[in-house]
Amino acid sequence: MRIGFNWAFIALFIGLTSAVLLEDAFSKEMVNHIYHQFTSYDVVNGDSIVGYTGYGQFIAVKLSDPSYLDWTIDLKQLPFTVDKYQLAKNNQLVYLYSTAEAELFLFDAKSGIFVRSVELSSPPVQIENFFNKGILLLDQSGSIVYVDHTTGSVKVVKKDLPQVANYFVDQRDGFSYAIVGAKIITITSKAEVVATEELPFNDVKDFKDGIAVTTDDQVYKFDTTNVPEKITISNLKNLHVINSKYLYSSDGDKYFLNTITDENTLSIAAEFKADSGLLNIGYHQFALGDFWIITEKTGRKFIYDLTDLLILEDLESLKLAKTKQDQLFSDDFITSLNGNLVLVTVDPNVEGRVYNVQDGTLYKVITSANQYSATNNDYLIIDKPESEQTINEFHHLLEDADSGLVLLRWLRRVKRHLGELGKYIVSFASQENDEQSVLASEGDEFGFGKLIIFYDDVQQALIAINSIDGKLVWKSTGSFSGSPIKLTKLGDDIVALFTQHLYYVNSRDGAIIDVQNLSGEPTDIFPATLEDELDVLILKKEGQFTLVEGPKDSVHDLYLVDHDNESVSGHKIVAGQSNSFKTWKFAEDNEEIVEVVFKPFETRTSSLGISLANKDVLYKYLNPNAVSVLTKDSANGQLKFYLLDGITGTLLSTFEHDANTVIDFSSINIIMDDNWVVYSYFVSHPKLEQRINVIDFFDSDKGIKKGIDSVSPFRHNSTVDSFTVKSFLFPERIISLASTQSQYGITLKSIIAATETGAVIEIPKFLLNSRRIDDRELTQADFQSDFRMVPYEPVIQRNSFSVLNHKHKLKITEQGKILTRPTHFESTSVVCYFNEYNQFCTTVQPSSSFDLLSKNFDRIKLLLTIAILLAGYLISKPFVFNKKLNAQWIDSP
Amino acid sequence: MFVLRFVAPVVLFAAIASAAGFSGKISNVPAEFKELFHEKNVHVVNGNNYPSRIQVDLIPLEGQNGAKLSKIGALVDEEYQFKFDGLNSGEYELLVDSYDFILSNTRFRVKVDAEADLVSVFDDFLDSKTYNESSIVNVSKSAPLIIRYQDSKQYYERASGSLWDMVLSSPLGFIFKNQTYTIIFVVCLVIMIVPTAVSYLNPELAESFKEVEPQVAERRIERPSRETPEVIRKPPVASSGARSSDSSARKRR
């Protein structure tokens with residue numbers, strides 16, 4: 001047991017080698033949190049927008065920087081769906097609730113911290129603030145209930161009220177008045193009812209400062225005894241209460257400020273007209289101020305400051321500020337931004353304007369943050385293409401080199417330089433900074449920057465995001481029709497498969513190069529490389545594969561594998577033909593195909609075997625056409641693994657799991673690379689645990705001889721001589737798996753696992769080694785027979801240093817995608833995780849940084865050491881010289 | 001219809017009556033944390049909202065048949081408390097995972113006896129064949145399951161291999177870990193080095209030092225040679241005052 005612990009410690013220690021140092025903290029990773037857009041929201045606490053998004057979150061975003069997601073509440077953590085909220089009067093707390101469930105959830109509106117849940121006896125209909133101490137809600141049983149902010153205590157204030165869809169609360173003179181149907185209830189500040197009166201009306205639409213307005217624009221004034229007194233009005237429409245003295249109304253493009261006279265008559269105090277057409281009127285209170293916001297159809301705002309008018313009751317004190325004609329945004333808020341009283345007008349995607357309330361001048365433009373995501377969760381990672389400028393330069397250099405005459409070469413060079421100078425002057429004069437092309441090539445000499453490309457349904461455009469900073473590189477021009485199916489890459493171009501079209505898109509700027517019309521129902525598209533290294537494009541449509549791009553006169557056949565729920569089938573496109581035909585089929589009785597995977601298309605392997613202690617080699621089974629299949633036995637739910645040859649359909653190997661193990665089949669993830677297969681699955685019986693199964697295949701009969709191309713599908717030994725299997729336990733539930741890729745395949749592989757708890761974790765493959773010994777102590781020969789061999793320990797500990805996203809907790813979904821791509825450095829790979837909530841990219845070095853100096857490499861220490869050594873040499877030189885001389889003197893006699 | 005009307009409320013009542021619940025609490029969580037993202041001025045979404053970064057799931061162990069795993073989630077409040085209500089009798093697995101904290105245990109077996117309103121919790125470690133029956137804790141809404149905070153998770157490694165680290169980990173490291181020792185060490189080092197340094201920087205001063213040294217030494221030698229006879233001549237304690245007066249007269253000279 002002690003030995004086991006020791007080895008576990010060693011394994012942990014080994015894992016530490018890939019940790020990111022404090023000096024590099026937060027510098028390697030790119031994180032974008034995607035919230036899409038609000039469905040209902042409010043501006044609170046000056047610089048914050050809080051509200052529901054359409055993607056199951058309640059969030060707070062900085063108004064001044066919409067990319068700054070302050071906090072987020074994952075609504076899936078709540079036991080039921082909530083869709084309504086009520087901010088406390090001081091905006092410090094927020095209640096989330098649903099009108100279908102009898103429970104409220106209270107959160108801190110500044111930090112998003114959950115405070116408590118409040119259980120009710122009946123679902124709430126509507127919540128209103130009750131002074132500064134709590135909320136007053138009307139529930140579906142017809143009761144008014146008080147909930148205290150501080151203690152969460154629930155008190156039924158009044159029962160047996162009419163069951164209505166909404167109610168109105170007015171607070172004045174230390175009392176709260178609630179109109180429910182045709183009843184008005186007077187409630188003290190201690191939430192006790194002191195009076196209940198019947199009303200002659202039951203259709204209130206506004207109630208404030210003792211004035212109630214009904215849906216048919218009748219106005220009633222309440223005295224201290226709650227006896228309503230009808231106000232005489234003359235043909236005023238769309239009435240709303242400002243305070244006990246003033247109401248506003250509108251009619252067509254006109255809007256009116258009305259006052260209640262001493263004779264209880266409502267008369268027009270001021271009349272206004274929206275010259276460009278009235279769109280809407282809003283009344284806002286902020287701090288001690290009252291504002292009337294008129295929006296014209298052109299987007300122009302008229303901001304009336306009513307504060308002085310309401311106090312002085314003098315129309316001369318009405319202040320007006322007008323904004324310029326501008327884009328129209330849907331929602332208006334008055335708030336304080338950096339000490340300035342401002343009008344914020346925004347759209348649900350947090351795009352808008354901020355105007356000074358004092359003079360209507362533009363204070364700030366709010367630009368929405370990168371909120372692009374793929375609705376179909378299809379993301380493509382590619383190397384950044386070379387810029388046009390680089391290609392032109394290269395082209396010209398080749399041209400120069402080809403020409404024989406020196407003078408001609410010089411003239412051509414001068415001409416090119418003059419042309420470039422002219423272009424520069426023109427671009428400088430027109431201030432056209434070609435930002436997109438700069439972004440596409442900037443800082444990318446070592447291939448660390450990748451483009452992540454996806455189709456955004458909302459934007460109806462292809463989007464390219466830079467993996468280094470998460471910024472938009474380009475947004476495709478042109479229009480796409482139909483629904484997106486899949487993106488792939490062919491040469492330098494991107495190919496986008498839609499339901500009816502195939503689009504060829506330039507990866508430098510997103511311009512559509514070509515469009516092909518498709519018939520039928522295409523389901524997939526992917527590139528393939530022929531033996532002569534020619535790229536072809538294959539379209540899958542109605543169970544058949546078609547060559548849509550590539551040399552028609554190729555002499556090589558193409559072999560393809562397809563699967564459905566019941567079988568795996570092999571297909572072949574004969575050289576010179578375009579369409580495939582079926583060659584083989586693999587199906588087992590009562591077995592359902594769960595997963596089928598191949599090795600990544602661009603994977604490289606440089607090591608053909610493992611050198612053993614006895615100077616022998618354990619050759620890896622590296623058949624590039626091997627296909628891994630996982631099936632579920634319909635009778636007993638048993639998980640089975642099959643390794644097939646993709647060309648012949650031959651069963652190469654098989655492995656069955658215990659039939660008594662109950663597996664969550666929706667949790668299965670499988671990856672295949674090198675000579676191994678790794679798959680993860682969650683087990684609910686006999687014990688609830690996340691398992692990772694590793695199978696390494698070996699070809700120990702030395703089928704791979706020296707000089708034989710290991711990747712030839714025809715010359716490769718198609719039999720697996722041996723395989724080893726080990727099962728490991730992982731402390732967290734794995735949602736998605738991938739393996740790292742490097743340029744030449746020399747660097748060790750790492751498994752990248754995205755877990756339910758929000759971590760993207762790097763697990764070195766040498767830990768997931770099926771050859772780890774579990775039945776005896778390790779010998780010296782064992783240590784020498786594999787890389788970093790350690791004894792078998794079933795649990796792969798979650799090492800927080802291996803969490804690639806570090807402190808940034810991600811929201812991991814089953815639809816999310818782990819993307820990996822090699823850089824120009826063999827040691828380093830780019831790893832990204834993209835889904836509808838997060839965009840995350842970083843770099844990993846599974847074999848540490850052997851060809852790249854880290855940022856914190858101590859150059860000064862190196863120089864200092866060299867300097868000290870040099871100084872030591874120079875200082876000791878005369879001594880040595882003297883010593884040698886003295887030695888000669890002594891020896892001379 | 002009659003049967004439905006009569007039986008349904010009874011069944012419903014029985015279900016409500018036989019449902020149990022319990023609460024849990026993560027204890028000893030420090031009130032404040034020193035976070036690297038604060039130092040680096042980096043924004044981390046929910047970075048300070050530690051309770052929201054704790055995932056608490058209760059998974060019923062009975063009735064899982066290979067379909068997607070069903071689970072009951074719970075929110076963790078500002079006091080690091082969570083609760084489950086309306087649990088039916090049976091066995092559950094409680095999984096508690098914090099993104100920021102290392103907890104004393106993260107996996108528990110929960111046995112619910114709804115009729116007796118009894119909820120028993122056992123440690124259920126990942127690599128054990130079964131749960132630890134001797135670790136039984138009976139919990140309820142008023143007697144929560146206590147999970148201890150042990151430490152904060154570190155996501156970045158402190159750099160090692162710097163010169164200072166090498167010095168600290170050397171046999172002399174204990175000196176530099178203590179301020180007093182360091183001062184003493186530096187003073188001693190300075191005393192040792194100064195004469196050598198002076199001989200290079202100011203040879204004249206060094207020469208004068210060298211000349212002074214024999215003189216001082218001579219004086220030291222001379223002084224005891226004069227005083228020794230006096231010491232010998234020193235009278236016993238009960239001596240007369242005349243000699244004392246003689247001695248003081250010499251001092252005055």
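Quick note on labels: first sequence line is chain A, next is B, and so on, each numbered from 1.
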### Task
Measure distances from B:Ile59 to the heavy atoms of chain A and classify the residue's part below 4.5 Å as side chain, backbone, both or neither.
side chain
### Query
Top residue by heavy-atom pair count (under 4.5 Å) with chain B, among A:Val683, A:Val795, A:Asp108, A:Ile73?
A:Val795
### Message
Tell me whether A:Lys640 at atom NZ has more than 12 heavy atoms from other residues, nucleotides or ligands lying less than 6.0 Å away.
### Response
yes
### Message
Which one wins on heavy-atom pair count under 4.5 Å against chain A: B:Thr130, B:Ile72, B:Asp97?
### Response
B:Asp97
### Message
Looking only at heavy atoms and a cut-off of under 4.5 Å, which of A:Glu689, A:Arg733, A:Arg116 has the most pairs with chain B?
### Response
A:Arg733
### Query
Who among A:Ile663, A:Leu78, A:Asp70 has the most heavy-atom pairs with chain B under 4.5 Å?
A:Asp70
### Query
Is the closest side-chain heavy-atom distance between A:Phe107 and B:Leu75 below 4.5 Å?
yes
### Query
Does atom CD1 of A:Ile860 have more than 12 heavy-atom neighbours, drawn from other residues, nucleotides or ligands, at distances under 6.0 Å?
no
### Task
State, with a plain yes or no, whether a side-chain heavy atom of A:Phe114 is found less than 4.5 Å away from one of B:Pro51.
no
### Summary
Applying a strict 4.5 Å limit to non-hydrogen atoms, the region of A:Tyr681 in contact with chain B is neither
## Note on the structure
Bottom line for B:Leu95: the part with an atom under 4.5 Å from chain A's heavy atoms is side chain
### Message
Any carboxylate oxygen within less than 4.0 angstrom of a Lys/Arg side-chain nitrogen, looking at A:Lys809 and B:Asp100?
### Response
no
### Under 4.5 Å from any heavy atom of chain B - which part of A:Ala759
both
## Note on the structure
Residues B:Val45 and A:Leu69: closest non-hydrogen pair is CG2-O, 3.2 Å
### Message
Looking at every heavy atom in both A:Ser684 and B:Leu61, which two are closest together, and how far apart are they?
### Response
O-CD2, 4.5 Å
## Note on the structure
So CG of B:Asn46 and OG of A:Ser111: to nearest 0.5 Å the spacing works out to 9.0 Å
### Query
For the candidates B:Arg53, B:Glu39, B:Gln81, B:Lys83, which exhibits the highest count of non-hydrogen atom pairs separated by less than 4.5 Å from chain A?
B:Arg53
### A:Glu756 with B:Lys71: basic N within carboxylate O range, under 4.0 Å
yes
### Query
Should we say atom CG of A:Asp774 is surrounded by more than 12 heavy atoms from elsewhere, each under 6.0 Å from it?
yes
### Contact check, side chains of B:Glu78 and A:Val115, non-hydrogen atoms, under 4.5 Å
yes
### Task
Would you check if B:Thr106 and A:Pro731 make a side-chain contact, meaning some heavy-atom pair closer than 4.5 Å?
no
### Query
Quick one: are A:Val803 and B:Tyr99 in side-chain contact, heavy atoms under 4.5 Å?
yes
### B:Glu62/A:His685 under side-chain contact (heavy atoms from CB on, under 4.5 Å): CA gap, chis, key distance, verdict
CA-CA 9 Å; B:Glu62 289 146 23; A:His685 180 82; over 6 Å; no
### Query
Non-hydrogen atoms of chain A under 4.5 Å away: do they reach the side chain of B:Gln154, the backbone, both or neither?
both
### Query
Are A:Leu688 and B:Arg107 side-chain neighbours, meaning at least one heavy-atom pair lies under 4.5 Å?
yes
### Task
Could you tell me the separation between the CD atom of A:Glu119 and the CG atom of B:Asp85, rounded to the nearest 0.5 Å?
5.5 Å
### Query
So which part of B:Lys129 gets closer than 4.5 Å to some heavy atom of chain A, the side chain, the backbone, both or neither?
backbone
### Message
Using side-chain heavy atoms (C-beta onward) and a distance below 4.5 Å, is A:His808 in contact with B:His43?
### Response
no
### chain A contact via B:Val76 - which portion, at a heavy-atom distance below 4.5 Å
backbone
### Query
Atom OH of B:Tyr155 and atom CG of A:Asn805: how far apart are they, to the nearest 0.5 Å?
8.0 Å
#### Entry: Lys/Arg-Asp/Glu bridge criterion (N-O < 4.0 Å) met for A:Lys807, B:Glu35
yes
#### Entry: Engaged part of B:Tyr80 at the chain A interface, taking heavy atoms whose separation is under 4.5 Å
neither
### Query
Tell me, side chain or backbone of B:Ser98 under 4.5 Å from chain A's heavy atoms, or both, or neither?
neither
### Query
So do the side chains of A:Lys687 and B:Ser128 get within less than 4.5 Å of each other, counting heavy atoms only?
yes
### Summary
Whatever's closer than 4.5 Å to a heavy atom in chain B on A:Thr72 counts as both
